[in-house]
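By convention in this document, chain letters (A, B, ...) are assigned in the order of the sequence lines, proteins followed by strands, and residues within each chain are numbered from 1. This is a predicted model, so every value here is computed, not measured.
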There are 2 protein chains.
Amino acid sequence: MFQKVLIAEDHETINYSIQKTLEDLGIPNHSKNYAYYCDDAIKRIEKALKEGEPYELLITDLSFEEDIPNQHITTGQDLIKAARKIQPNLKVLVFSIENRIKVAQSLFKDLNIDAYVPKARRDAKDLKTAIETIYQAKKHLSPNLKKDIGEEKFYKFTNFDIIIIKLLSNGVLQKEIPYHLQQKNIKPSGLSSVEKRLSLIKTTLNIFSNEQLIAYCKDKEII
Amino acid sequence: MFQKVLIAEDHETINYSIQKTLEDLGIPNHSKNYAYYCDDAIKRIEKALKEGEPYELLITDLSFEEDIPNQHITTGQDLIKAARKIQPNLKVLVFSIENRIKVAQSLFKDLNIDAYVPKARRDAKDLKTAIETIYQAKKHLSPNLKKDIGEEKFYKFTNFDIIIIKLLSNGVLQKEIPYHLQQKNIKPSGLSSVEKRLSLIKTTLNIFSNEQLIAYCKDKEII
DNA sequence: CCTGCAATTACGGTTTCCCGTAATTTACTG
DNA sequence: CAGTAAATTACGGGAAACCGTAATTGCAGG
């Protein structure tokens, strides 16, 4: 198991509960392995690296309260970037209240994080398995998000898609959509094109009705 | 009756027909009282104000074709804001193809417009009475929208409502809902009951489709 | 100018939805 | 137990959505 883990989390109680989880996993807690500010966290990573005892894992939140001015790094995203810059092999686990799939997705894609665990009711257990999974050099996704991320990979919504879905969500009947598209000088405006597009989206995403599609798009903040 | 009225409308034919309506109402048309672009409209308002003969009423569309680049103001909403900034007492009548109640509602609420007339079959008459009503310093709403705007209609969603809406948002077809309700031993389970309920909700909230209903419920966090 | 390919649109049959009306069941009262 | 009112369900016709196929259009290469 990991020997050196750094926690970046500004809420003291959460910070403490993560420490507790680490203890349960048999990760030693002899030195101060936590930070309440990103700037403090990056300093510790830097120092540990220089001393030849680098951190193996960073557990960080995404949003930090800016209650002290003149902090250089104020978000988890920036902390991850800065940390990877000085120590590329550092594993990163994001532990955040943010439960929107798009945010988690971009973290994996853009920052190549190793695990994402949303703060939730049963998150301690989730956290443990995440850390164990990372230790095996694998990626980890909270189960409830996992299936969503898989789905989303398959379909990229175009502007055209979003326009017609927005029209639907505003109560425009499908057969009236061509008229609205013409008003906006949007290129494919035939009813068949609209139907084809909606049909493609739905079969791709395993969605069975327009109603479910609207719900999906609202959840994913596509509209 | 008003003596100076400005029309902002990019469709020439509609612009002309509004002028016709004004003539019918005995509003003089000796100067050029119309504009095809928002920027032009605001200039005229400004000029008239400086010359000590300000416009009393602005009749404007909401959407303008952006066929000429580098326009500062491109929507009716922005035109109204700009106009009110330099001449707060200017009356405003919105005349638009937009027939969704929410849009009209937000115009009254956010921009404090004086009348809203949707472009429709019998809109000339509607326009006349609207102008006459404004002249008496009252607000005007097109009759078909009036009843809707009233006070924010609150619909209390019952558990039954929420169950069927959730089923819909999960991709269950309407005709399959009775089966699911029976599975859960929920009392009214007939298809007709489901249809009646959905119909009641939609007419009460002025919602036109199931898609819009789902969007509404997601926004209001009902589901 | 022709040709082939892809995109778009038109069309027709089937399913589902919508909505009014009628029949049935349920619940309550005397 | 009968009677009645309300709730629920059944039914049917018309509108909209769905979906496969065919016709049309647009466009690049020859």
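Sorted by first then second residue, the salt bridge (charged side-chain N to carboxylate O under 4.0 Å, His left out) pairs that include residues 108-118 of chain A, not counting sequence neighbours, are A:Arg84-A:Asp114, A:Asp114-A:Lys139.
One finds a side-chain N or O of A:Asn210 lying less than 4.0 angstrom from the OP1 or OP2 phosphate oxygen of D:dC18.
Side-chain contact annotation: B:Gln174 with B:Asn210, donor-acceptor N/O pair under 3.5 Å present. In this structure, a donor-acceptor pair under 3.5 Å is absent between the side chains of B:Thr21 and B:Asp24.
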Listing, residues 75-82 of chain B side-chain donor-acceptor contacts under 3.5 Å, not counting sequence neighbours, or none:
unit_1  : atom_1 : unit_2  : atom_2 : d
B:Thr75 : OG1    : B:Asp78 : N      : 3.2
B:Thr75 : OG1    : B:Asp78 : OD2    : 3.4

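Heavy-atom distances under 4.0 Å link DNA chain C to B:Leu173, B:Gln174, B:Lys175 of residues 171-180 of chain B, given in residue order. Near DNA chain D, meaning a heavy atom under 4.0 Å away, there are no residues from residues 157-167 of chain B. Shown for residues 188-199 of chain B: residues whose heavy atoms fall under 4.0 angstrom of DNA chain D, namely B:Pro188, B:Ser189, B:Gly190, B:Ser192, B:Ser193, B:Lys196.
Note on ring orientation: taking the six-membered ring where Trp is involved, the planes of A:Tyr116 and A:Phe108 are tilted (angle from 30° to 60°).
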**OP:** Treat primed atoms plus P, OP1 and OP2 as sugar-phosphate and everything else as base, then score nucleotides 23-28 of chain C 5' to 3': B for base contact with protein heavy atoms under 4.0 Å, S for sugar-phosphate contact only, - for none.
**Re:** ------

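Ring pair B:Tyr37/B:Phe64: centre-to-centre distance not below 6.0 Å.
B:Gln87 places no side-chain N or O within 3.5 Å of a backbone atom of B:Ala83 that could act as its donor or acceptor partner.
Comment: B:Asp39 does not engage B:Lys43 in a salt bridge, judged by the lack of any side-chain N to carboxylate O separation of less than 4.0 angstrom.
B:Glu9 has its side chain out of reach of B:Ile59: every pair of non-hydrogen atoms, C-beta onward, lies at least 4.5 Å apart.
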